[in-house]
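Counting from 1, the numbers follow the sequence of the chain as shown. Scope of the values below: all heavy atoms of this structure, side chains included, with no hydrogens, waters or symmetry mates.
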Amino acid sequence: MKKKWVSMASLLVGVTMLGSLVAGCGGATSSNSKEIKIGANFEMTGGIANFGNQTVNGIKLAFKEANANGGVLGKQLTLVVADNKSEPSEAANAITKLITQDKVKAVLGPVSSSNVLATTQIAQDNKVPVITATATNPKVTFDNGQVKSQIFRGCFIDPFQGTVMANFAAKSLKAKTAAIYVDNSSDYSKGLAQFFEESFVKNGGTIVAKEAFLQKDQDFKATLTKIKATNPEVIFIPAYYEEVGKIAKQARELGITQALLGTDGWDDPKLVEIAGAAALNNGFFSNHYSPQDTDPNVVKFVEAYKKEYGQEPSALAALGYDSALMLIDAIKRAGSDDPAKIRDALEQTKGLQVSTGIISLDANHNPIKSAVVIEMKDGKQVFKEKINP
Ligand code: PHE
């Protein structure tokens, strides 16, 4: 009996070794391999690591579901994750490694506009398609009067997001004056500051102060004091949770009681941890989706995500999931995992139902999608309104 087990075990080892030899022979990147390798260029560590990790979780869930259903074109999707450390130069290194060493067929990510912008020329030169789930700056897909042929996105863009918050300030909060506090190290923040200003002024409002800070700054009190002196009715802070958390805390310490307005970069539980729940009251931000939305596509995704990870998905997780669905849809329609064919199919994305809406890409590779406004109430996100473009 014992002997039988031993020989069974050695047989198994032999078979497994043979299996890996065969796989090795085929070459993991050959076109007839049983897998399709997709690169993930994400902020796994550094300033916006929570964003990167949540987006990757969303992508992994979509890949898992697709693979469980027999894969795509009969092949299994594998995700090769490269950490860009939340830095543009590292994002460029990460995409180079994914393309040249890992030989991926397409790249998902990064999250932030600045990090994606650091990779678009490399994708163009190597002719490998990129989908960013989350980067909202218009220049990501379109610059110098030209659409970037390899770059696609799954989210709305900042001229819309800036308008949503300017209209919210002018119409819902009836504000006539606003201050803008911009992160000068971020393309995302600088773009939004401009788009908000344009729309707010169009609504008859006045911008009474414009101040700037940089990522990793710790002390915001000097500039906040200048803003306070102009007595704006609202302060617009289009930035990421680390800095916004500190800004909100210090603003309230200085006795600034006005409404603080923000954008998708606010969407992380760490915002509340850093600022404290009370500092964020009278705080509102725009986002891509709310887990409290009763739309059946949202409900279905939220349930699947909670089952997988035991927590509520942020907008990043939802957008990550949706970007994977965009890619899967394109590979299926292409009938091939050849990067050039995936690119052509991506460009034709039409009427694709995803958790955060329906994706039809326009000529500039952007979908038209609705936004939500979220109110922060005692540390909780409360879904206020949905705004259609
Ligand atoms: N829109 C942000 C950017 O372009 C990234 C982001 C998306 C952050 C969604 C949070 C939620 O940099």
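- The pair E253-K249 meets the salt-bridge criterion, since a charged nitrogen lies less than 4.0 angstrom from a carboxylate oxygen.
- For the side-chain contact (heavy atoms from CB on, under 4.5 Å) with I237, the lone residue among L261, I247, L192, T263 that qualifies is I247.
- T136 and D158 are linked by a side-chain donor-acceptor pair at a separation below 3.5 angstrom, with hydrogens and angles left out of the test.
- Using modelled atom types, one side-chain atom of S86 and one backbone atom of I48 make a donor-acceptor pair closer than 3.5 Å.
- Applying the side-chain contact (heavy atoms from CB on, under 4.5 Å) test to A275 and every residue at least two apart in sequence or in another chain returns A248, A279, L280.
- Ring geometry for F51 versus Y241: interplanar angle over 60°, hence perpendicular rather than tilted (30 to 60°).
- Looking at every heavy atom in both residues, L327 comes nearest to F63 through CD2-CZ, 4.5 Å.
- The aromatic ring centroids of F156 and H288 lie less than 6.0 Å from each other.
- Few gaps surround NZ on K246; more than 12 heavy atoms of other groups in view lie less than 6.0 Å from it.
- At a threshold of 4.5 Å between non-hydrogen side-chain atoms, the residues K103 and K37 do not count as touching.
- Atom NZ of K221 has more than 12 neighbouring heavy atoms from other residues, nucleotides or ligands inside a 6.0 Å radius.
- Take Y181 and apply the ring pair (Phe, Tyr, Trp, His ring centres under 6.0 Å) test, not counting sequence neighbours, and it matches F213.
- In this structure, a donor-acceptor pair under 3.5 Å is present between the side chains of S149 and Q124.
- A salt bridge links E375 with K384: the closest approach of a Lys/Arg side-chain nitrogen to an acidic carboxylate oxygen falls below 4.0 angstrom.
- Across M326 and L346, no two heavy atoms sit closer than the pair O-CD2, 3.9 Å.
- Between the side chains of N41 and N84, at least one donor-acceptor pair of N or O atoms lies under 3.5 Å.
- Of the possible polar contacts, one joining the D83 side chain to the K85 backbone as a donor-acceptor pair under 3.5 Å is found.
- The closest side-chain heavy-atom distance from P232 to I227 is below 4.5 Å.
- Counted by atom type alone, N297 and D295 present one or more donor-acceptor pairs between their side chains at under 3.5 Å.
- At least one donor-acceptor pair under 3.5 Å links the side chain of D362 to the backbone N or O of N366.
- Between Y321 and F301, the distance from one ring center to the other falls under 6.0 angstrom.
- Using modelled atom types, one side-chain atom of S360 and one backbone atom of G351 make a donor-acceptor pair closer than 3.5 Å.
- Of the inter-residue distances, the one linking T45 atom OG1 with N53 atom CG reads 8.5 Å to the nearest 0.5 angstrom.
- Under the 3.5 Å distance criterion, the side-chain polar atoms of R343 are left unmatched by any main-chain donor or acceptor of E347.
- Nearest approach of G109 to V130, heavy atoms of both residues: O-CG1, 3.5 Å.
- Without hydrogens or angle criteria, S323 side chain to I131 main chain gives no donor-acceptor distance under 3.5 Å.
- For the pair V372/Y289, no side-chain contact is recorded, criterion being any heavy-atom separation below 4.5 Å from C-beta on.
- One finds no salt bridge joining K216 and E243 here, because no Lys/Arg side-chain nitrogen approaches an Asp/Glu carboxylate oxygen to under 4.0 Å.
- Ring-centre distance between Y188 and Y240: below the 6.0 Å cut-off.
- Side-chain atoms of N137 and D187 form no donor-acceptor pair, as typed in the model, at a separation below 3.5 Å.
- Contact of the Q258 side chain with the V234 side chain is not registered, since no non-hydrogen atoms from C-beta on lie closer than 4.5 Å.
- Counting heavy atoms of neighbouring residues, nucleotides and ligands inside a 6.0 Å radius, atom NZ of K190 exceeds 12 of them.
- Summarising the geometry of I36 relative to V72, their closest heavy-atom pair is CD1-O, 3.8 Å, with the distance given to 0.1 Å.
- Across S370 and P389, no two heavy atoms sit closer than the pair CA-CD, 4.0 Å.
- When side chains are defined from C-beta on, L260 does not count as touching N282, because their heavy atoms never get closer than 4.5 Å.
- Between F236 and F200, the distance separating the two ring centers is not shorter than 6.0 angstrom.
- Between the side chains of S290 and D293, not a single donor N or O lies within less than 3.5 Å of an accepting N or O.
- Under a 4.0 Å N-O distance rule, the pair K270/E242 qualifies as a salt bridge.
- Counting heavy-atom neighbours within 6.0 Å of K64 NZ, excluding the residue itself, gives a total of 12 or less.
- In this structure, the side chains of Q381 and M376 come closer than 4.5 Å at one or more pairs of heavy atoms.
- A side-chain donor-acceptor contact under 3.5 Å links Q215 and D183.
- Atom NZ of K369 sits in a crowded spot, with more than 12 heavy atoms from other residues, nucleotides or ligands closer than 6.0 Å.
- Between Q150 and T120 the shortest side-chain heavy-atom distance does not fall below 4.5 Å.
- The residues D338 and K105 are annotated as not salt-bridged, no charged nitrogen and carboxylate oxygen being separated by less than 4.0 angstrom.
- Under the 3.5 Å distance criterion, with hydrogens and angles disregarded, no donor-acceptor pair is assigned to the side chains of K148 and T141.
- Remark: the E65 side chain and the N69 side chain contain no N/O donor-acceptor pair separated by less than 3.5 Å.
- Between D337 and K75 there is a salt bridge, since a side-chain N of the basic residue sits under 4.0 Å from a carboxylate O of the acidic one.
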* Test side-chain hydrogen bond (donor to acceptor under 3.5 Å, both in side chains) applied to N287 and D267, step by step -> CA-CA 8 Å; N287 209 351; D267 183 25; 3.1 Å; yes
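- By the 4.5 Å heavy-atom criterion applied to side chains, E43 and S112 are counted as neighbours.
- With hydrogens and angles left out, the side-chain atoms of N57 and E308 include no donor and acceptor closer than 3.5 Å.
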